[in-house]
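One structure below.
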Amino acid sequence: MLDIKFLRTNADEVKNGLRKRRSKLDLEQFLVIDQKRRDLLLETEDLKARRNQSSGEISRMKKTGENADSLLAELATMSTRIKALDEELKNIDQQTSDWIMSIPNVPHPSVPDGVDETDNLEVRTWGVKPEMTFSPKEHWELGTALGGLDFETAAKITGSRFVILKGWAAKMERALISFMLDVQTMENGYDEVMPPVIVNRESLMGTGQLPKFEEDLFHLENTNYYLIPTAEVPVTNIYRDTTLTEVQLPIAHCAYTACFRSEAGSYGKDTKGMIRQHQFDKVELVRFVHPDSSYDELEKLLGHAESILRKLGLPYRVVTLCAGDLGFSSAKTYDIEVWLPGQGKYREISSCSNFEDFQARRAAIRFKPAAGKKSQLVHTLNGSGLAVGRTMVAILENYQQEDGSVVVPEVLRPYMNGLDRIELKKG
RNA sequence: GGAGAGGUGGCCGAGCUAGGCCGAAGGCGCUCGCCUGCUAAGCGAGUAUAGGGGCUUAAACCUCUAUCGAGGGUUCAAAUCCCUCCCUCUCCGCCA
């Protein structure tokens, strides 16, 4: 959510931002509503001030035994009028907040112009794509053949876009989670939390998934509860309605959770394999920082996510999302895309964003400056560190051998009882 | 699931069954000043948030409105009365 005063005084900047995003929102419409709202507010508050004053008058008259009947009658009609105005105001307030909640964040000046993912800007590449003398297989083929991935049984017990991990795959999932959390807590300074994977509506409003993207979420029937689409939601909301002190910043949390997405509108996309599941594991990194340093913090966060891929020896590239591809709440996002030899392309494995004060304003996350000045909004950032399932996909495809076996990356072996190679058991 | 207690300012804690200068006593904490060789103590003042309007380059400031878990209702007027919901705590039951 943007600052309403900022909207009024910097309307042109916001309009430019919306245009850059290819958004169809017409800010003028909002400005008209806003003006109407303020006029109404003025009238209502003025009337209330008079009522409050006269009410005090009545109190005094009753004490002295004077007759207050005429004043009482006058106030009765005034109160009716106020009630009507309040009703009107409530209406227009709703309109205003609907508007504000639906305006996306303004892209940072460094965000490249563009329409969709084809306009994203490559920042750097890392690693060497493995050379294969054979035609590389896709992960679902490898994983299924090696007995680790079972999509069919998952489809039976639940439905499409679910998987059962078996044996080495289940173990590798667990190993990856532990490995990622260990790196982030022991090397990169994150405090680990394990939050609820069910959250209420208010939390989803705070981070910006609601009210606009209800259809992407799993909603528990007849409740105020939703399954989280990312740990960003519960972790960011830890500090909802909280005023921190400046010395506490930056706060850095990492969290492993399962994530749940309805994937509405993605029919036909990645229908095979583990790339796009309704339920998947992710280690998330969340940072609460001073506004002055949030873009340095974004680079830091990105580095923390990259460090996992480097340790695993998985080649990747970093891209800056263009304005048209930018998420609703984000001012700037880097995607990390890992190389998948089986698919022959880079696929997103992490998304690192600076939301500036967009989420902080919605969620009321502030800090009190050391100088004792007025509290101000923090900047929030988050990124995957990393998507666990997709990491397994990348390992399978990058470390596959001609005979269909898969070498286990060295850093992962201690987490898998020293297992160094996944191969089909004979017999 | 059953029975009960409770949610008030940074914290503690009055007020709530006689509804009326209550945004809210008192205390603690904090800030600024005074005082004191230093410290402690003492004295004085201040100390919520959001929104609107005024003033301003801006801030400060002034003023109004709202906020005593949330949302409704009664009333000229609600922290105080009524309804619904949420949360916390205690006891019992159940349970990984």
Side-chain angles (χ1 to χ4, degrees), chain A residues 1-10 30-101 194-206 210-211 220-226 234 237-248 258 291 357 359-378:
Chain A
M1 166 168 85
L2 298 171
D3 182 18
I4 190 161
K5 281 182 196 156
F6 180 82
L7 281 175
R8 288 201 283 259
T9 51
N10 302 65
F30 166 76
L31 293 173
V32 170
I33 295 173
D34 177 55
Q35 186 56 51
K36 225 167 89 188
R37 180 181 149 269
R38 279 186 293 162
D39 292 344
L40 200 58
L41 195 59
L42 196 63
E43 187 186 352
T44 311
E45 290 191 347
D46 197 58
L47 214 53
K48 280 183 181 171
R50 277 163 53 199
R51 180 187 64 185
N52 289 347
Q53 204 179 347
S54 298
S55 259
E57 198 66 35
I58 288 177
S59 169
R60 240 168 284 128
M61 289 169 92
K62 292 225 162 167
K63 271 184 192 145
T64 57
E66 289 177 66
N67 187 304
D69 286 355
S70 66
L71 192 53
L72 234 53
E74 194 186 312
L75 279 184
T77 55
M78 196 187 278
S79 272
T80 316
R81 172 82 182 130
I82 286 173
K83 207 167 260 184
L85 283 172
D86 268 341
E87 196 61 39
E88 217 175 312
L89 203 55
K90 201 170 134 190
N91 216 310
I92 203 159
D93 269 345
Q94 186 60 50
Q95 284 181 49
T96 310
S97 86
D98 284 352
W99 251 98
I100 287 207
M101 293 299 248
M194 192 170 265
V197 296
I198 298 176
V199 295
N200 59 30
R201 220 184 141 71
E202 289 68 33
S203 292
L204 288 155
M205 288 287 227
L210 288 179
L220 302 185
E221 208 172 358
N222 301 322
T223 68
N224 189 28
Y225 292 160
Y226 295 79
N237 278 282
I238 291 173
Y239 299 99
R240 174 150 55 90
D241 298 319
T242 299
T243 302
L244 304 159
T245 57
E246 186 166 2
V247 291
Q248 285 178 273
D357 62 12
Q359 292 181 330
R361 182 171 297 107
R362 287 178 167 236
I365 307 172
R366 301 166 212 279
F367 73 97
K368 196 116 184 132
K373 296 237 175 72
K374 270 188 83 169
S375 60
Q376 41 180 310
L377 297 165
V378 303

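Lettering of chains follows the sequences in order, A, B, ..., and the numbering in each one begins at 1. Here the structure is a predicted model, which is why all the values come from computation and not from measurement.
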Please list every donor-acceptor pair under 3.5 Å in which a side-chain atom of residues 87-96 of chain A meets a protein atom from a residue at least two apart or in another chain.
from: A:D93; atom 1: OD1; to: A:R37; atom 2: NE; distance (Å): 2.8
from: A:Q94; atom 1: NE2; to: A:D98; atom 2: OD1; distance (Å): 2.9
from: A:T96; atom 1: OG1; to: A:I92; atom 2: O; distance (Å): 2.7

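With both ends at atom P, the span from B:G73 to B:A79 equals 15 Å, rounded to whole Å. Separation of the C1' atoms belonging to B:C76 and B:C21 is 16 Å when rounded to the nearest angstrom. Using C1' as the reference atom, B:C16 and B:C82 are 15 Å apart when rounded to the nearest Å. Taking atom C1' on both nucleotides, B:G27 is separated from B:G69 by 24 Å, rounded to a whole Å. Look at the C1' atom in both B:G9 and B:G2: the space between them is 36 Å, to the nearest Å.
Spacing between atom CG of A:L89 and atom C1' of B:G51 amounts to 11 Å, rounded to whole angstrom units. The CG-P distance, from A:D93 to B:G52, rounds to 11 Å in whole Å.
Every residue two or more places apart in sequence or in another chain was checked for a side-chain hydrogen bond (donor to acceptor under 3.5 Å, both in side chains) with A:R366, and none qualifies.
Residue A:R8 places at least one side-chain N or O closer than 4.0 Å to OP1 or OP2 of B:G52. In this structure, A:R60 does not reach the B:C21 phosphate: none of its side-chain N or O atoms is under 4.0 Å from OP1 or OP2. Considering only side-chain N and O atoms, A:K83 lies nowhere under 4.0 angstrom from the phosphate OP1 or OP2 of B:G72. Look at A:N52 and you won't find any side-chain N or O under 4.0 angstrom from OP1 or OP2 of B:C64.
With B:G72, B:G53, B:G20 as the candidates, the nucleotide lying closest to the side chain of A:I58 is B:G20. When distances are taken from the side chain of A:Y225 to each of B:U65, B:A50, B:C87, the shortest belongs to B:C87.
Judged purely by atom type and a 3.5 angstrom limit, A:R362 uses its side chain to pair as donor or acceptor with the backbone of A:M101.
Nucleotide B:A50 is shown with an anti base, its glycosidic torsion being more than 90° from 0.
Using a 4.5 Å cut-off on side-chain heavy atoms (C-beta onward), A:V199 and A:N237 make no contact. Using a 4.5 Å heavy-atom cutoff, the side chains of A:W99 and A:D34 are not in contact.
B:A79: no Watson-Crick or G-U partner with both key distances under 3.5 Å is found in any strand. Applying the Watson-Crick and G-U wobble criteria (two distances, each under 3.5 Å), B:A40 pairs with nothing in any strand.
Using a 4.0 Å cut-off between charged nitrogen and carboxylate oxygen, A:E57 and A:R60 count as a salt-bridge pair.
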Could you list all N or O pairs between the protein and nucleotides 77-81 of chain B that sit under 3.5 Å apart?
from: B:A77; atom 1: OP1; to: A:S79; atom 2: OG; distance (Å): 3.1
from: B:A77; atom 1: O4'; to: A:S55; atom 2: OG; distance (Å): 3.4

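Residue A:E45 places a side-chain atom within donor-acceptor reach of the base of B:G51, judged by atom type and a 3.5 Å distance cut-off alone.
Side-chain atoms of A:Q53 and A:R50 include no donor-acceptor pair closer than 3.5 Å.
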